[in-house]
Structure formats: structure tokens, C-alpha cells
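Throughout, protein chains are lettered first and strands after them, A, B, ... in sequence-line order, and every chain is numbered starting at 1.
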Amino acid sequence: MSAPLLEVENLTVTFPTPSGPVNVVDGVSLTLGTERLGIVGESGSGKSMTGRAILGLIRPPGRVTADKLAFEGTELQSLSARQMRKIRGARISMVMQDPKFSLNPVMTVGRQIAEALRTHENLPRRDVKARVAEMLHSVRITDPERVMGLYPHEVSGGMGQRIMIAMMLIPRPRILIADEPTSALDVSVQGQVLDLIDDLVRDNGMGLLLVSHDLHLVGRYCDRVMVMNAGRVVETLDARNLHAAQHPYTKGLLAAVPRMNETREVLPTLDRSQWAAT
Amino acid sequence: MTAIHLQDLDIYYGESRAVQGVNLDVASGESFALVGESGSGKSTILKAIMGLAPDWTGTIEVDGAARSHGTDRAFSAHCQMVFQDPYGSLHPRKTIDAALAEPLLIHGKPNRDKRVVELLAEVGLDARFRFRFPHQLSGGQRQRVAIARALALEPKLLLLDEPTSALDVSIQAEILNLLKRLRRERGLTYLMVTHNLPVVSFMCDRLAVMRHGKIVETADVATLRSGQFDSAYARDLYRLSEPDQTEQTP
């Protein structure tokens, strides 16, 4: 395996509550190379917080501590806010769940994507436009010139998510964090968006951190899968061996999903007391 | 007997026609699913039956009686709806007790106190939740409350609009088991909207695949399980939902 792009050791995210501080992420360690790593878990498992903590997006009163949080060998925790902005978006970027809420409604698609590029690189206007058109083309938008002039409400959910991906990838980052990138989309579009992310990540030799609640989806699009529950890593396994999962939590999650050819009269449910989850 | 009979149903939102020319019969005691992508008109059909989408033409009959275009009291005692988002469908400033007692109060039912306790027990919620507020409950618990409220008037027909798509898979399994048990025990008829084909395989007897406001194909669950649909669109939908399943088989 390649040298790690990202090394995280003992990452903890704490939020204060009336009944004392709660560790929503509790001692998570991971390394990411030029590969696709999936983080799966149910709501409240800390999967999204892990992604956000890496980018330094946890706001007070939340607190992030880690023994190590290094991107290409640079310790992120020692960087100033200004230095961090140079990395966030340009070197590590993030695709959020719902394009409806992540795109600026009063700015055309073309301007938003151009803004993402201009923030990180100083280019003449003509080159910016060419790069935007080229990027839209690479997310399989066939008529970039037209789409650049549209506002977010004029595009469909699937196209909105492709625009988000274009915006995130235009500064040519090394790592893409995708947090439930297709949960708001129909099944027919989900596959296209994930295939697209997959192609772009492979072609550009990037690292992908795919955060999702969907075990099967992660199993299909990742090399390794990390299962989280209640802020901790339950187990990490090769996506190929997902079905050979050992931990009862992972097994329980797999069994609880209805199948297309469903013959079970009752679906097995998790005995939550075992992992002290909510 | 036919529980729901829809004929040449067109439903409008202003100028746009969300559903066109739908014909559908759901037998009494059956569990029937409407599947399709967003914007295919599946939820709109439920709303029209409930009287929440009043601008329609054609025929809607429930247990042989023609539906009016609005809501009415006698009908709500017979047919209730469970919505997708348990965070949005419960009043944030009403306790669970108040939410469950309200339909009983409106319909002048006796023994409200006792009924609320029974309803909680029926959906598997501990009695200690009775005087809590929705924000003190998890998503799955809230959906149980929404189901209990729908059952309060002992309806014969439940309209379920994506009842589990906002929930985690392990909670989804609990709610699906609950719905299945309630249907068996009370002989309910379900008309359920979902985009999740495996859920249909678990819960339903028949399904209709919708696209652009029209029914593309009606099939039974055996067809769904084998994927042998007649229409290309239904086969596409099956193929896109299916990879999960092949990988899952140990």
C-alpha cells in the first residue's frame, strides 16, 4: 500500500451536555492511503463527526483532541486557521449530503465553481472558465456552457450533486470526504453519482473517505470498511469480506436489512443493551 | 371485497397534473405498495385519498363509498395515515399523552385514559414515555407514537407514506415487524408508499410501479422477488436496487 495521505490516532470529539461532557467520537484511529475507505454506522455513531473533525469543522463548544492528525505528514492541529484554510477545500475537500442546502441559491452554478477555484489558485479569467467547463464535462454534464448559467433551483438533485462534486474536485484535492453523498437521491441516480466519484478518485489517484449508513453501498464502493458505533470503531474489514463480519453489531446490521427475495416472517433486530448505544 | 378503488384518477397541483389516469384496486386485508422515484406521484395518491390534495377528477372509493374532496370525520375513523418524518408529524409542544388522546377527544370516544395506555403497549412503548415530549424520544420511538395515534380510532385502512425511510436499518426492522404484526392481529389493509423494493418484498402482497404520474406496471410480490417484470422501467428499478441483495446472500 502507498504512503498514508492521512493518519489519525486516538481522535476524540467532545461536546458538553447538562449531564457532563460526552465523547461523540471516542478514540478513533485510522490511516488513509490512495484508497477508498468507508465509514459506516447508524445515526449518532460519530461517523460524520469523524469526517468533520479531520477538516477542522467542529465548532465550539465541541472540542477535538487527537494524538496525531496528519495530512501528508503535516500535523493539522498545529496549523493556524489561515494555514488550515489552504488545506481545506484545496487539498482535502468534502461533499455533503444534500445539494439543495449546500449550493448557494443566488449564485449561478458557473460562478460558484469558479469561486472554488479562484479561492485556491490565481488564474486569468479565461483559464478559470475553461477549467470550470472542463470540470463540468468530467462530471458528465454534456452541455457545460448552458449549465454554468443555471441557478441551483433549476437543476435536478442528481445534477446538483454532480455540480457539488465538480466544485469540490476543481482545486484537485488529494482527499475527498463524501458524507452521505447520495442519501437524498433516487436509486437510479445514486449509482451514477457513486460511479462518478469512484472514477474521479481512481483516475486522479486520490483518497476517498465515504461516510454512509448503508453497509451494502459502502461494501460496493470501498476497499476497506470501518464500522462505528457510539463513537468507537467496532471493526475494520476488507469490503470483500463484509459478509464474514465477526462483530455481532456488524452482523446485526447486515441481518436487519430486508432482502429483495425476502422470506423471513420477522426481521432480526439488534439487542442494543450489548453495546450500550442509545 | 375492494378496500380502495381508484378509477381514471387525475390529481392536480395548480396547473400541473401530478397523477394521470390511475386505475387501482386494493382488496380488503391486502398490503399494497406504490413504488417509484421522487416526483412519480405516489405520495400524491395517498394525499388525495386522505383529502389532503383536494384537486382531483375521477373516482376514489373506499370500501364502496365515494370519497369527498376534503377531510371528513367519519372517514378519519376508518382510514388513517402515517407520515415519513416522525420529527415533523408530532406536535413539538404536546406530550405523547396529548397526541394520542386528541383523536379520541375529537371523536368523543370514552375511556381515553385507558385507551392511551393500551395504545402505547400495542406499539411496544413503555408507559414511562406517556408524559414525555417528542424531542425526548428517538426517531424510532416517535414513529411508534405516530403509528399508535393512527390506530387510536381503530381504523381498518392505513396509508403509510415511507414509514421507515428516515430511520436507521436496525430501527427500520423493528418498525416493519411492528407494522406486520399489527396488520395480522387487526386484519388491517395497508397502502404503502416506498422507494425501497426489499421493504415491499417483506411487507406487501402486490405493488404498482409508478413513473411520471402514471402506473407503469402492477405486479404481485412473487414477480418482484424474481425480478420478472414486464416493463423495462420496472426491470431497471429492480436492477438498480438489486446489487445489495446479491452481495448480501451469504
What part of E265(A) gets within 4.5 angstrom of chain B, counting heavy atoms only: side chain, backbone, both, or neither? both
Closest non-hydrogen atom pair, M260(A) against S241(B): CE-CB, 3.7 Å
Correct closest heavy-atom pair for P268(A) and A173(B) would be O-CB, 3.9 Å
Hey, could you give me each pair passing salt bridge (charged side-chain N to carboxylate O under 4.0 Å, His left out) that has a residue in [range]? Not counting sequence neighbours.
| range | result |
| --- | --- |
| residues 206-218 of chain B | E30(B)-R206(B) |
| residues 124-150 of chain B | D97(B)-R130(B), D113(B)-R130(B), D126(B)-R128(B), R144(B)-E174(B) |
| residues 229-256 of chain A | D26(A)-R232(A), D238(A)-R240(A) |

Calculate, to the nearest 0.5 Å, the distance between atoms [atom1] and [atom2] belonging to [X] and [Y] respectively.
| X | Y | atom1 | atom2 | answer |
| --- | --- | --- | --- | --- |
| E42(A) | I171(B) | CD | CD1 | 6.0 Å |
| F202(B) | N261(A) | CZ | CG | 13.5 Å |
| S170(B) | L267(A) | OG | CG | 11.0 Å |

Test S201(B) against R259(A) for side-chain contact (heavy atoms from CB on, under 4.5 Å), laying out the working first. CA-CA 7 Å; S201(B) 175; R259(A) 299 170 192 162; over 6 Å; no
Heavy-atom distances under 4.5 Å only: say whether [X] touches chain A with side chain, backbone, both or neither.
| X | value |
| --- | --- |
| L197(B) | both |
| E37(B) | both |
| S38(B) | both |

Contact check, side chains of E262(A) and P198(B), non-hydrogen atoms, under 4.5 Å: no
Within-4.5 Å side-chain heavy-atom neighbours: M203(B) and P258(A): no
Using a 4.5 Å heavy-atom cutoff, which residues in residues 178-193 of chain B come close to chain A? K180(B), R184(B)
So with a 6.0 Å cut-off around CZ of R63(A), is the heavy-atom count from everything else above 12? no
